Novice: 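Right, I'll just put the structure down here and ask away after.
Residue indices begin at 1 and follow the sequence shown. None of these values were measured; they are calculated from a predicted model.
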Amino acid sequence: MLKAFKYLKPFWLSVIAIIVCVFSQVQCELALPDYMSDIVTYGIQYSGITETVPEVISEQTYAHLAYFMSEDDYAIVQQSYTLSKTCTISKKEYSLDNAVYVLKQDRADAVSKVIMQPFMIVEMMSSDEVISQMHVDNVEQVWQMLEANPTMASQIAAQVSKKMDGYTDENLESAVRMMESQEYASVGLDMEKIQNSYIYGKGGVMLAIALLGSICAIVAAFLSSRTATGAARAIRKDVFEKVESFSSEEFSHFSTASLITRTTNDIQQIQNTLTMILRIVMFAPMMGLTSLFKVMRYKELAGILGWTVVGMIVLMLIVFAVAMPKFKISQKLVDNLNLVTREQLEGMSVIRAFNNESLEEKRFDKANSDITNLNIFLNRLMAVISPVMSFMMSVVTIAIIWIGAKSIDLGTMQIGDMMAFIQYSTHVLISFMIVASIFIMLPRASVSANRVFEVLHTEVKIKDPENPISLPSENEPVTFDHVSFRYPHAEQNILEDITFTARPGETVALIGSTGSGKSTLINLLPRFFDVSEGAIRIGNTDIRDVKQKELRDHIGYIPQKGVLFSGTVESNLKYADENATDETIERALEISQAKEFVEQMPERLQEPISQGGTNVSGGQKQRLSIARALAKKANIYIFDDTFSALDYKTDAKLRSALSEMIAETKATVFIVAQRISTIKHADQIIVLDKGRIAGIGKHEDLLKNCTVYQEIAKSQLSQEELEK
């Protein structure tokens, strides 16, 4: 799978943009729990009050602070507060009917060390519990008693200080904020307005952050999809170009069905995984690791999360170990299904002719059932992950609430902090769930990537030379010089010591029994295979010293089985030369005897041709294939048993027209044929028998001195035809 990443190089700017967007999205996601915690803690629980130093004090409270403070401490308070009818709380300015003491902005730190405990005592003195304990009727009487007996204030301060020694900082800060709320209400501030202002402010920031995070997520998703699709397009292009360079030896290693699967299904798997890696795999570690740092602030709860993560990792490893071998089998089963389907579709007429529909249905059902059963197993295996992970998340949430509630009760944690921890824990667990799903996808993608790069890394046996030689533009003799050939891994040669020369303007025919090596020999000329021994030369140039493209530009090839492509008659004829003129096409149609039926078509040259040429007959398809090659104006033409699909009358007309063209262009023509009537007028007839030349000469000479040719002739021609 790592090899696929090199295809991301052209998209490096997009990759950087994706990383930036994902990082920004993570930061936005992780900022939201803190804001939610602030809204719950400060906005709801403390009515919008965030500071632990009272920003506004009534004149009465200001005076009462002196009872519980030393002269030096009270002097600090006097320096820190000023009398005013306006105040600022949480950056919002408020007006009051009566003057109050307002904290100076630069004095908060100085006064915080001396005012907290005295302020709490003053506020506590107004409570019903204190009034009851001091056996008075109202709070005014409490202050009258303290004024009459100053030592009582010192005793109360000592008792409160002793009691507060067991409080945590969170307890004290919480108590101060609650008392600040009471104080602000007593001086006439609208606490509902302060609370709403804080909640709306924080809520607005949350909405802005959520919007920014959503935009980053959308941009990252768009860019990751586009980048992965572009990389898949490049891989698909490279695979197709690689397959185009394959010789028949490489094609024998990969089946057609397998190449189709690798080009479609396997590359699609790579594309999906690249999308996940760019979009989610980067997101999950960023989110998970950052969330882990966040939850470490709450040490009493972090252990729960740690054990859950360990459990998830163990589950992922088990699933990974079970799934990996199955994914390898899965892709092979897809190959097999494609192979069976392709064979059945191509051979449908044969299947129907032999009434073997039920047999093929069973064969398809087996291939289909094999892949279905395996996919069901894999889907069930992956389906286990989601409920197990969800169960773990639910258990973690319950444990957090259980332990967090005790901490809240003890005053060591705020409600908002517990809610934030739940969210951070959820982020961590979801990140591991994403990683788990990636671990399931990666084995399959890895298998697919290996299959694709197996094609890309296949060494092509037939290569262009490092220092190619150009062929002359004019036609020159084609020489087969002691040519021998054997298929890869074969034990013996298919062709043995083939030597002959075909001169410009000559027609060279090859004939022999089935399996004698006729098509193999002729396929050596365009380098579909390379000779094992000897050499093939055009003029004095070995064809192995010429670029394959240049060599094939000099050759017009008509295969044994006519092949047409979807499009029109004209597009198929111009397939050999897209710059072919109308006169050239007209001439090619006349020579190939295709003009007559093409002109009878409703749209003539623009008549649609379906895939594989299924809307024309076999003979018409073959004549159009011949016309396509003739439209190329090549120096060498190869007819590989092309005339066998034509009737005798069309065959004769075509050969007559072809002879006129050869005489005019001085092209060299190679004809592989089964019928002697097709080749009897050739300049040279090469008779092959078991891969060796049994005779070379004209028809009349071979009838006299070649036993193999005589046997073929006697099996095809009457006695009268033999004596002519």
Side-chain angles (χ1 to χ4, degrees), residues 11-50 88-93 192-230 272 274-298 389-390 393 397 400 414-435 437-438:
F11 308 97
W12 64 273
L13 279 175
S14 293
V15 173
I16 291 174
I18 292 167
I19 293 172
V20 171
C21 288
V22 169
F23 180 78
S24 301
Q25 182 191 355
V26 168
Q27 298 310 308
C28 291
E29 293 272 356
L30 294 177
L32 294 177
D34 284 337
Y35 278 94
M36 180 207 66
S37 175
D38 289 344
I39 288 175
V40 173
T41 301
Y42 302 113
I44 297 175
Q45 189 173 356
Y46 301 134
S47 302
I49 298 172
T50 59
T88 302
I89 297 176
S90 299
K91 299 181 181 181
K92 293 284 185 179
E93 189 171 307
E192 183 177 353
K193 184 178 180 181
I194 294 174
Q195 184 179 44
N196 290 340
S197 176
Y198 181 87
I199 292 174
Y200 290 151
K202 290 290 184 180
V205 174
M206 283 187 71
L207 288 175
I209 292 173
L211 178 61
L212 178 60
S214 299
I215 293 172
C216 290
I218 292 170
V219 172
F222 172 77
L223 290 177
S224 60
S225 298
R226 185 176 180 180
T227 302
T229 303
N272 292 340
L274 285 176
T275 303
M276 293 282 286
I277 288 172
L278 290 171
R279 176 66 188 92
I280 298 177
V281 173
M282 287 194 295
F283 174 83
M286 286 184 188
M287 176 68 77
L289 292 175
T290 313
S291 297
L292 276 175
F293 285 117
K294 294 276 188 179
V295 300
M296 292 307 293
R297 294 181 297 180
Y298 313 99
M389 295 287 190
S390 298
M393 289 176 65
T397 302
I400 290 170
Q414 302 294 337
I415 296 175
D417 290 340
M418 185 187 72
M419 295 177 67
F421 184 85
I422 291 174
Q423 284 198 311
Y424 286 131
S425 300
T426 303
H427 286 319
V428 172
L429 297 178
I430 288 176
S431 298
F432 272 90
M433 286 182 67
I434 292 171
V435 172
S437 64
I438 292 299

Novice: I need the Leu30 CG to Gln25 CD distance, nearest 0.5 Å.
Specialist: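 Rounded to the nearest 0.5 Å, the CG-CD separation comes out at 10.0 Å.
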Novice: Using every non-hydrogen atom in the two residues, find where Ile39 and Gly203 come nearest and quote the distance to one decimal.
Specialist: CD1-N, 3.9 Å
Novice: Tell me, with the steps shown, if Asn196 and Glu192 meet side-chain contact (heavy atoms from CB on, under 4.5 Å).
Specialist: CA-CA 6 Å; Asn196 290 340; Glu192 183 177 353; 3.6 Å; yes
Novice: Taking all heavy atoms of Ile194 and all of Ser47, pick out the closest pair and write down the distance.
Specialist: CG2-O, 3.7 Å
Novice: Where the side chain of Ser197 meets the backbone of Lys193, is there a donor-acceptor pair that is under 3.5 Å apart?
Specialist: no
Novice: From Tyr198 OH over to Ile44 CD1, what is the distance, rounded to the nearest 0.5 angstrom?
Specialist: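 Nearest 0.5 Å value for the OH-CD1 distance: 10.5 Å.
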Novice: Do you know which two heavy atoms are closest between Val22 and Leu278, and how far apart they sit?
Specialist: CG2-O, 4.2 Å
Novice: Compare every heavy atom of Cys21 with every heavy atom of Val219, then report the nearest pair and how far apart it is.
Specialist: CG1-SG, 3.6 Å
Novice: Flag yes if more than 12 heavy atoms outside Phe11 fall under 6.0 Å of its CZ atom; otherwise flag no.
Specialist: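 Counting neighbours around CZ of Phe11, more than 12 heavy atoms of other residues, nucleotides or ligands fall under 6.0 Å, so yes.
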Novice: Could you check Leu32 against Ile209 for side-chain contact (heavy atoms from CB on, under 4.5 Å), going step by step and ending with a plain yes or no?
Specialist: CA-CA 7 Å; Leu32 294 177; Ile209 292 173; 3.9 Å; yes
Novice: Return the minimal non-hydrogen interatomic distance between Leu223 and Ala17, and the atom names on each side.
Specialist: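 Where Leu223 meets Ala17 most closely, the heavy atoms are CD1-CB, 3.7 Å.
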Novice: To check you understand the geometry: which heavy-atom pair defines the closest contact between Ile18 and Ala220, and what is its length?
Specialist: CG1-O, 4.3 Å
